[in-house]
Amino acid sequence: MQASADSTRMDCLWSNWKCQAIDLLYWRDIKQTGIVFGSLLLLLFSLTQFSVVSVVAYLALAGLSATISFRIYKSVLQAVQKTDEGHPFKAYLEMEMNLSQDQIQKYTDCLQLYVNSTVKELRRLFLVQDLVDSLKFAVLMWLLTYVGALFNGLTLLIMAVVSMFTLPVVYDKYQAQIDQYLGLVRTHINTVVAKIQAKIPGAKRKAE
């Protein structure tokens, strides 16, 4: 019963996180999304100027400065007003943060499933189980060599974050036009792939 309750609670929590993530990416709450988006960009731009250790240390110092100052302020305020409200962070200190064995097992199973599927897919591509898919993968890796020569990892990460917070809104606004152009591109790609499959021996899929 306890395991079933924990699983149900985790499913509800995961669903809640997904809804919150969608709300953030679609700017449903402009203030909240702006804070998250700005914080992520500030963190990434900081990493372009300072080392990871320095950024983590500065963030920890900023957090400690805020919490210590607030704790001292509340203590002085309670002394002046002669009240006994207790620790200002009592609610957070008493918050349950432990993961149960079932929750850990669930996350571990999900990670194992993801790793196994990734390894199987890479094995299929590198050992050329399907020639067309392996050629597509090779073209993708070739294009990534040019991307890597133009941008470093942090720059790509910044671009990914900006895209995450802008593309969903743009797609939601211009969905019909974007779907039309994507359909044309997809049709053209399928036509080219079909021609390649017809000309290269062994390139046709097993399903055919």
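No experiment lies behind these values; they were computed from the predicted model shown.
Scanning all heavy atoms of the two residues, the minimum distance from P168 to S163 falls at CD-O, 3.5 Å. Between V161 and L41, the shortest heavy-atom distance links the atoms CG1-CD2, 4.4 Å. Listed here is the closest heavy atom pair of L47 and L154: O-CD1, 3.5 Å. Residues Y171 and D179 share a closest heavy-atom pair of OH-OD1, 2.8 Å.
Note that CD of Q103 is 9.5 Å distant from CG of N98, once rounded to the nearest 0.5 Å. Put simply, CG on L25 and CG on D172 are 12.0 Å apart, with the number rounded to the nearest 0.5 Å. In this structure, CG in L122 is found 6.0 Å from CZ in F137, a value given to the nearest 0.5 Å. A distance of 9.0 Å separates CG of L43 from CG of L157, quoted to the nearest 0.5 Å. Interatomic distance, L24 CG to M164 CE, rounded to the nearest 0.5 Å: 9.0 Å. Atoms CD1 and CG, from I189 and L184 in turn, are 11.0 Å apart once rounded to the nearest 0.5 Å.
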From CA spacing to verdict: salt bridge (Lys or Arg N to Asp or Glu O under 4.0 Å), R124, D130
CA-CA 7 Å; R124 188 181 73 85; D130 187 293; 5.1 Å; no
Do K136 and D133 pass the side chain to side chain contact (heavy atoms under 4.5 Å, CB included) test, and can you show the C-alpha distance, the side-chain angles, and the key distance before you say yes or no?
CA-CA 5 Å; K136 290 179 182 178; D133 286 344; 4.2 Å; yes
Verify side chain to side chain contact (heavy atoms under 4.5 Å, CB included) between V162 and F37, making sure each step is shown before the conclusion.
CA-CA 8 Å; V162 173; F37 184 39; 4.3 Å; yes
Please step through side chain to side chain contact (heavy atoms under 4.5 Å, CB included) for the pair L111 and Y107, ending with a clear verdict.
CA-CA 6 Å; L111 179 62; Y107 288 131; over 6 Å; no
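Hydrophobic clustering keeps Y174 apart from V185 (ILVMFWY residues linked when any side-chain heavy atoms are closer than 4.5 Å, directly or through intermediates). Both L59 and I158 are part of a single hydrophobic cluster, where members link through side-chain heavy atoms under 4.5 Å apart. Under the 4.5 Å side-chain contact rule for hydrophobic residues, Y58 and L42 do not share a cluster.
Formation of a donor-acceptor pair under 3.5 Å by the E85 side chain with backbone atoms of Q78 is not found in this model. A distance-only check finds no donor-acceptor pair linking the side chain of S54 to the backbone of F50 [under 3.5 Å]. A donor-acceptor pair is defined here as one N or O able to donate and one able to accept, closer than 3.5 Å; no such pair exists between the side chain of S46 and the backbone of V55. Checked by atom type and distance alone, the side chain of N116 pairs as donor or acceptor with a backbone atom of Q112 at under 3.5 Å. At least one donor-acceptor pair closer than 3.5 Å links the side chain of W27 to the backbone N or O of F165.
Residues N152 and T155 have side chains that bring a donor and an acceptor to within less than 3.5 angstrom of each other.
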Run the side-chain donor-acceptor check on residues 139-150: report pairs under 3.5 Å with partners two or more places apart or on a different chain.
| residue | atom | partner | partner atom | Å |
| --- | --- | --- | --- | --- |
| T145 | OG1 | W142 | O | 2.4 |

Which atom pairs, one a donor and one an acceptor, fall under 3.5 Å between side chains of residues 68-76 and the rest of the protein, sequence neighbours left out?
| residue | atom | partner | partner atom | Å |
| --- | --- | --- | --- | --- |
| S69 | OG | S65 | O | 2.7 |
| R71 | NH1 | H87 | NE2 | 2.9 |
| S75 | OG | R71 | O | 2.8 |

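Partners of D23 by salt bridge (Lys or Arg N to Asp or Glu O under 4.0 Å), not counting sequence neighbours, listed by chain and number: R28. Taking Y92 as the reference, nothing meets the ring pair (Phe, Tyr, Trp, His ring centres under 6.0 Å) condition, with sequence neighbours excluded.
Identified under the salt bridge (charged side-chain N to carboxylate O under 4.0 Å, His left out) test for residues 40-51, with sequence neighbours left out: none. Contacts classified as salt bridge (charged side-chain N to carboxylate O under 4.0 Å, His left out) and involving residues 43-59 (residues at least two apart or in different chains) are not found.
K120 has its side chain within reach of R123: a pair of non-hydrogen atoms, C-beta onward, lies under 4.5 Å apart.
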